Structure formats: C-alpha cells, structure tokens
Amino acid sequence: MATEPSTPGGADSPEPWSARVRTLTRLGRHREALALLRHGNPSPPPHAVALPSAVISCAALSLSSGVSQIHALAAKRGLLPAADAYLLSALLTSYSRLGRLPLAHQLLDEMPLESTPHTTLRTAFNSVISGCALHALPAACFAVFRRMRAASVGFDAVTLLALVPAAPPRVVPQVHALAARAGLAAETSVANCLISTYARGGVGGAALARRVFDEMPPASRDLVSWNAVLSAHAQNGLGVDALELYRRMRGPDGGGVEPDAVTLVGVLSSCAHLGARSVGFEVERYVLDRLPGFRANVHLCNALINFHARCGSLPRAQQLFDEMPRRSIVSWTALITGYGMHGHGDVAVSLFERMVSEGIRPDNVAMVGLLSACSHSGMYDEGRKYFSTMESAYKLRPTLEHYACMVDLLGRAGRLREARELISSMTMPADGAIWGALLGACKIHKNVEVGEEAFKHIVELEPSNAGYYVLMSNIYTDTGQLEGVARVRAMMRDRGLKKEPGCSYVEHKGQVHLFMADDHSHPQAKRIYKLVIKLEQMVKEKLGVMESKAAQRCAEKAAAQPLIGFHSEKLAVAFGLLNTEASSEIVVIKNLRVCGDCHSFLKAVSGFTNRAFLVRDASRFHRFEGGVCSCKDYW
DNA sequence: TTAGGGTTAG
C-alpha cells in the first residue's frame with residue numbers, strides 16, 4: 001500500500017489508482033473509494049476497472065443518485081447495455097439492493113439477448129435475483145427467475161443460493177428437485193444452503209436438512225456443512241443430536257474439520273437447553289484457550305451468556321455481559337431471561353429499563369423475557385404495565401407468547417377470571433400454551449370449572465401432549481373428584497398416551513448421573529435410597545405434619561411399597577450429598593416441574609444439611625438454602 | 001474484476 005501513489009496515477013499508468021478504488025470497495029471503505037474516483041485523473045477514460053466498484057460503493061452508502069450518475073456516464077461511453085459485463089452486473093445488483101427494481105428490469109430488457117454472451121446474461125439475472133433476495137423480496141426473486149427461464153438462460157449454483165432461501169417453505173422441495181435435475185444439488189454450496197433453509201421449517205425441516213447432509217459425499221462436506229446441520233438440530237430443540245454431531249465432526253467423520261465460533265454457538269445453545277453443563281464448560285475452556293478474540297464476536301458471547309444464565313452460573317453470565325465491548329439486544333435478552341428464571345424479577349426489570357435508556361428498542365423476544373420474569377416473581381403490576389404499553393411504547397403487537405406469559409402471570413396470581421377475560425379479548429385464536437398456562441393456574445388454585453374449559457380447548461389443540469392430561473387429572477385429585485380422575489385416565493389410555501417420565505441429573509467429575517423416578521439402576525442406588533428414606537424421616541419429624549395431600553399420598557404409597565414414590569430430584573440430590581464436598585452447591589437439571597412434595601422436602605433438607613441445591617426444572621430455577629427456596633414458594 | 005452459502009435470545 002505504501003508504494004501506491006497518494007495522488008492518482010498519470011496518463012501512462014491509470015491502473016494503480018483504478019485498482020485502488022476496487023481495493024477500497026472490497027475493504028468496505030466506500031467513502032474513500034468514491035473520493036478517489038472523483039479526484040482521479042479523467043484521462044485517459046474510461047477507467048472501466050474502477051466503475052463497477054464505484055457503483056457498489058454508492059449502493060453500500062445508499063447513494064442512489066450516484067449509481068444513476070455512473071449509469072449515465074457508462075451509457076454515454078457505450079459500455080452498456082452489455083459491453084461491460086462487470087459494470088452491468090454491478091448496476092443491476094445496486095438497483096436491486098436499493099429497491100429500484102423497475103430500473104433493474106429496464107436494464108435487463110435492454111440487454112440484446114442474441115448477441116450477449118451467455119455467461120453475461122446469466123450473471124445479469126443472478127445479480128438481480130441476489131439483489132432482490134438481499135432486500136427480502138422473495139416474490140421478486142421468483143419473478144426474475146421465471147423471466148430468466150423464459151429467456152432460455154440457464155441457472156447455476158449462484159442462482160440457487162439466492163433462490164432457495166427466498167422460497168416459501170412448501171416450495172423449497174420443488175427448488176431442491178430442480179437443482180437435483182440440473183446436477184447442482186450435490187455442489188457443496190448448494191447443499192449447505194438447502195440444509196440451512198430446510199432447518200427453518202421446524203422439526204420436520206431439521207429431518208430434511210439432515211437428509212441432505214447425510215446424502216452428501218463425506219469428502220464434499222466442509223465446515224459450513226457441519227455448522228449448518230448442527231445448527232439445524234440446535235435450533236429445533238434437538239440438542240442431543242446437535243451434540244452428537246459435534247462429537248462426530250471432531251472425530252474421523254469430520255475429516256479434520258476444526259470447529260469455529262459458529263459451531264460453538266450452536267453447541268452452546270444446545271447445552272443451554274439440555275442443561276449439559278460439562279460440555280458447555282468444555283466449550284468455554286476451548287473458547288478461552290483457542291479463540292483469544294472471542295469478545296469481539298457478539299454471537300459467541302451471547303451464546304456463552306445464555307448458556308451460563310440457563311445452566312446456573314448467573315454471576316458468570318453477568319461478568320461476560322459486563323466485559324463485552326459491544327452488546328446486542330440478544331445479550332440483554334439472554335441476561336434478562338436468566339435473572340427471570342432465577343426469580344430475580346426486580347433485576348430483570350431494571351436491566352430492561354437500562355437497556356431502553358441506552359437506546360435499544362425492545363423486540364418481541366425481549367418482551368417475552370421481561371414478562372416471564374415478572375410472572376416468575378409474581379410482579380403483577382409491572383407485568384400488566386409492560387404488557388399494556390408494549391404497543392404504544394415500542395410498537396410491538398402482542399403475540400401468542402406474550403399472551404401466554406400474561407395468562408400465566410394473572411393465573412398464578414389467582415386472577416383466573418382476569419386471565420380468562422384476556423384470552424377472550426384476543427384477536428387471534430389462543431394456542432395450547434395459553435390454555436395450558438390457564439390450566440396450570442387452575443391446578444394451583446384448585447379451580448375445576450375454569451380448568452375443565454381450558455382442558456377442552458387443549459385436547460383439541462394438543463391432543464397428544466400427555467402433560468396436560470396429567471395436570472387435569474391432578475386438579476380432580478386435589479378437589480376429590482375421583483370420577484374425573486378416572487375419566488381423564490381413560491382418555492389417556494384410549495389415546496395411548498403415557499406421562500413423560502420425570503428425570504433429573506447431576507454432573508460429577510465430568511460424568512452425568514441420570515435418575516428416573518423409582519430408578520434403581522445407579523451403582524450407588526442402595527446408599528442413595530437409604531439416604532432419601534432417612535432424610536424423609538427427618539423431614540417428617542421436622543415438619544411435624546404433612547404439608548399437602550400430595551405428600552400424604554406419597555407417604556401412603558411409600559408405606560405400602562417402600563421402594564416406590566421416589567421422585568428423580570430426591571435421588572439426584574441424595575447422590576450429590578453422598579459424593580460432593582460440604583461447601584459445594586449441588587446442581588440438578590430436571591425435565592418436568594418440581595412437585596409440591598419434593599419442593600417441601602428439598603427446602604427442609606437444605607436447612608438441616610446446611611447445603612445449597614440449585615434445581616432447574618421445566619420452567620425456572622429453584623435455589624434451596626437454609627430451609628427456604630428462592631422462588632418463595634411461588635412457582 | 002461481477003452475482004453467492006452457515007451464527008444467538010423465547
């Protein structure tokens with residue numbers, strides 16, 4: 001660079017500064033590129049090398065009139081309609097990116113189809129299709145593609161890379177088939193694109209993405225292929241598969257592919273969902289050791305924050321957040337959600353306020369995090385306030401998820417009628433999660449009538465979700481309506497539904513110790529059960545009376561058959577007590593909600609063992625210490 | 001020299 005003349009080259013050497021324009025554009029230094037062009041030596045014309053770059057720089061700076069000026073200049077010099085393929089392509093890209101589609105179409109119309117080389121035609125169409133894709137104009141992409149085909153211009157991989165992501169979900173398989181017929185589907189770039197596009201179509205899409213990946217010849221899979229298929233699983237809640245892919249890619253299957261930050265973002269996201277703490281800690285170690293510049297990567301930092309917030313290390317999440325040089329709304333949301341899950345609604349609210357005061361406008365996801373934080377902390381007034389002003393203050397129209405948070409908030413606060421009225425006021429049909437939140441509130445407040453109504457809707461919306469049947473059955477049990485219990489159980493039997501088995505796990509010395517309810521398969525099972533029985537005895541003596549009917553039922557069952565009725569979290573905590581140092585916190589990850597009996601048990605045990613237990617259940621964290629729980633019995 | 005693939009939060 002030092003040898004470049006600081007002033008434009010003379011008549012004998014137009015290249016250096018024209019080439020410099022190109023370099024500056026490539027580096028994203030658009031203003032400098034245009035300044036150089038303006039002050040460049042006008043003779044000899046036409047500086048053809050600099051013009052396409054200049055057009056791209058104009059577009060990058062949204063200088064629509066600059067593009068038009070260069071367009072006019074080029075036309076005057078006879079470089080258009082198709083004499084200079086690069087300039088044509090740059091103009092078409094820029095007009096499309098700037099949303100000036102009529103001009104792009106006009107340029108396409110002006111190309112002499114017969115005399116223009118085929119590659120120039122293909123590139124011209126590709127430029128417009130890609131420009132439309134960038135502008136999120138899927139219909140325009142397909143309209144131009146149809147024109148391309150009508151003009152008998154063949155497409156290539158580049159066409160597909162723009163077209164595939166623009167296709168509506170139902171059309172993707174058709175474009176896929178078209179690519180396969182053209183022999184392009186096997187190209188690495190096209191296959192990678194198909195994988196990530198299918199991944200957007202939910203769990204079914206992830207299966208299709210997986211098929212594309214599996215059908216690729218192993219030698220043609222690159223790092224992006226592995227990242228795309230791993231993310232496809234991570235994004236669709238298939239964390240176990242994502243972690244398995246991570247293991248495979250580092251082994252012989254991966255062919256020496258080294259994970260990068262994108263890989264680790266997907267892995268951390270899965271760890272966060274699964275509660276796979278040791279894998280997540282390993283990934284963090286890798287990041288600290290091998291990716292020294294990771295703090296500049298907002299995605300990676302966000303993934304780490306989210307992992308720690310959801311896996312119990314809230315202080316670490318806060319520290320990573322504090323150390324970030326630049327944050328996005330995702331960083332804030334991850335932290336807000338984390339505090340909410342731990343029952344620190346007040347902190348979540350003040351973080352939210354700080355975010356807004358720093359000029360970040362909340363989005364729908366941030367509002368879900370905030371409202372659920374209010375809900376977990378019983379912050380009825382704040383929740384109502386934020387919900388009712390989200391549209392006026394932030395132009396956010398409530399979605400199904402926001403309604404679900406609010407029904408949960410109102411319902412848990414005992415305002416069942418208000419929750420029911422909120423559902424009636426909705427302009428869209430309520431989904432299973434919303435009726436489910438109402439049903440959950442009916443369980444807490446033992447309301448059969450409203451519960452039955454919610455259940456009627458759920459059975460239609462999510463007929464195979466066993467959890468809701470169990471919830472309804474428990475409402476009948478709690479209110480002594482045994483015929484209701486029998487009815488719901490019969491429904492489950494007829495539909496072949498089984499309650500999801502509860503399971504909990506503890507990690508110890510890098511090993512996962514998994515416990516199911518009443519499960520005796522652990523090598524230390526004998527000691528563990530002995531300890532639970534002893535602790536239960538102690539709890540009984542301590543509490544004097546049983547707290548709930550549920551606990552009584554458990555006790556009756558246990559008396560009849562002494563080795564059943566042991567919920568998985570009790571076993572996991574007992575394992576922790578037997579195997580860990582007295583000063584350490586025992587962290588348990590559970591798939592279902594903690595039941596009332598286990599909750600009382602863990603509170604009491606934390607008191608007389610002088611140990612802290614951190615339990616992540618299906619909806620939040622409970623930290624048991626000194627005989628109390630961080631949820632303040634509100635959950 | 002032009003067009004172009006994978007990434008986080010609920």
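First the proteins, then the strands, lettered A, B, ... as listed; each starts at 1. Owing to the predicted nature of the structure, the values given are computational and were not obtained by experimental measurement. All values below come from the heavy atoms of this structure, side chains included, with hydrogens, waters and symmetry mates left out.
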If I take atom [atom1] in residue [X] and atom [atom2] in nucleotide [N], what distance separates them, rounded to the nearest angstrom?
X: A:His233; N: B:dG6; atom1: NE2; atom2: P; answer: 18 Å
X: A:Asn192; N: B:dT7; atom1: CG; atom2: P; answer: 11 Å
X: A:Leu184; N: B:dG5; atom1: CG; atom2: C1'; answer: 14 Å
X: A:Met355; N: B:dA9; atom1: CE; atom2: C1'; answer: 11 Å
X: A:Met341; N: B:dA9; atom1: CE; atom2: P; answer: 13 Å
X: A:Glu401; N: B:dA9; atom1: CD; atom2: P; answer: 13 Å

Atom pairs, N/O to N/O, protein against nucleotides 2-4 of chain B, distance under 3.5 Å?
from: B:dG4; atom 1: OP1; to: A:Arg97; atom 2: NH2; distance (Å): 3.4

Not counting sequence neighbours, which residues clear side-chain contact (heavy atoms from CB on, under 4.5 Å) with A:Ser328? List them please.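 Scan of A:Ser328 (side-chain contact (heavy atoms from CB on, under 4.5 Å), adjacent residues dropped) gives A:Val298, A:Asn302, A:Val330, A:Ser331.
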
Pair pattern of DNA chain B in dot-bracket, where unpaired bases get dots and | marks partners in another strand, Watson-Crick or G-U under 3.5 angstrom: ..........

Indicate, with a heavy-atom threshold strictly under 4.0 Å, whether [X] touches base, sugar-phosphate, or nothing.
X: A:Asn306; result: sugar-phosphate
X: A:Arg200; result: sugar-phosphate
X: A:Asp363; result: base
X: A:His273; result: sugar-phosphate
X: A:Thr188; result: base

No-hydrogen, no-angle side-chain donor-acceptor test under 3.5 Å, A:His402 and A:Thr399: yes

Consider only side-chain N and O atoms of A:Asp222 and A:Ser225, and report whether a donor and an acceptor are under 3.5 Å apart. yes

For [X], all residues meeting salt bridge (charged side-chain N to carboxylate O under 4.0 Å, His left out), sequence neighbours excluded:
X: A:Arg149; result: none
X: A:Asp253; result: A:Arg248
X: A:Arg620; result: none

Which pairs of donor and acceptor atoms, one on a side chain in residues 159-168 of chain A, lie under 3.5 Å apart (sequence neighbours left out)?
from: A:Thr159; atom 1: OG1; to: A:Asn126; atom 2: OD1; distance (Å): 2.7
from: A:Thr159; atom 1: OG1; to: A:Asp156; atom 2: N; distance (Å): 3.0
from: A:Thr159; atom 1: OG1; to: A:Asp156; atom 2: O; distance (Å): 3.3
from: A:Thr159; atom 1: OG1; to: A:Asp156; atom 2: OD1; distance (Å): 2.9

Distance-only donor-acceptor hits, side chain of residues 264-276 of chain A, under 3.5 Å, sequence neighbours excluded:
from: A:Ser270; atom 1: OG; to: A:Gly266; atom 2: O; distance (Å): 3.2
from: A:His273; atom 1: ND1; to: A:Ser269; atom 2: O; distance (Å): 3.0

For residues 333-343 of chain A, which side-chain donor-acceptor pairs fall under 3.5 Å, sequence neighbours excluded?
from: A:Thr333; atom 1: OG1; to: A:Ile329; atom 2: O; distance (Å): 2.8
from: A:Thr337; atom 1: OG1; to: A:Thr333; atom 2: O; distance (Å): 2.7
from: A:Tyr339; atom 1: OH; to: A:Gln318; atom 2: OE1; distance (Å): 2.6
from: A:His342; atom 1: ND1; to: A:Gly338; atom 2: O; distance (Å): 2.9

Residues which pass ring pair (Phe, Tyr, Trp, His ring centres under 6.0 Å) with A:His30, listed by chain and number, not counting sequence neighbours: none

Going by side-chain hydrogen bond (donor to acceptor under 3.5 Å, both in side chains), name the residues that satisfy it together with A:Glu215, two or more places apart in sequence or in a different chain. none

Which residues within residues 331-339 of chain A lie with some heavy atom under 4.0 Å of an atom in DNA chain B?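 Hits under 4.0 Å, by residue number: A:Thr337.
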
Between the base of B:dT7 and the side chain of A:His299, is there a donor and acceptor pair under 3.5 angstrom?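 Counting by modelled atom types and ignoring angles, no donor-acceptor contact under 3.5 Å is found here.
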
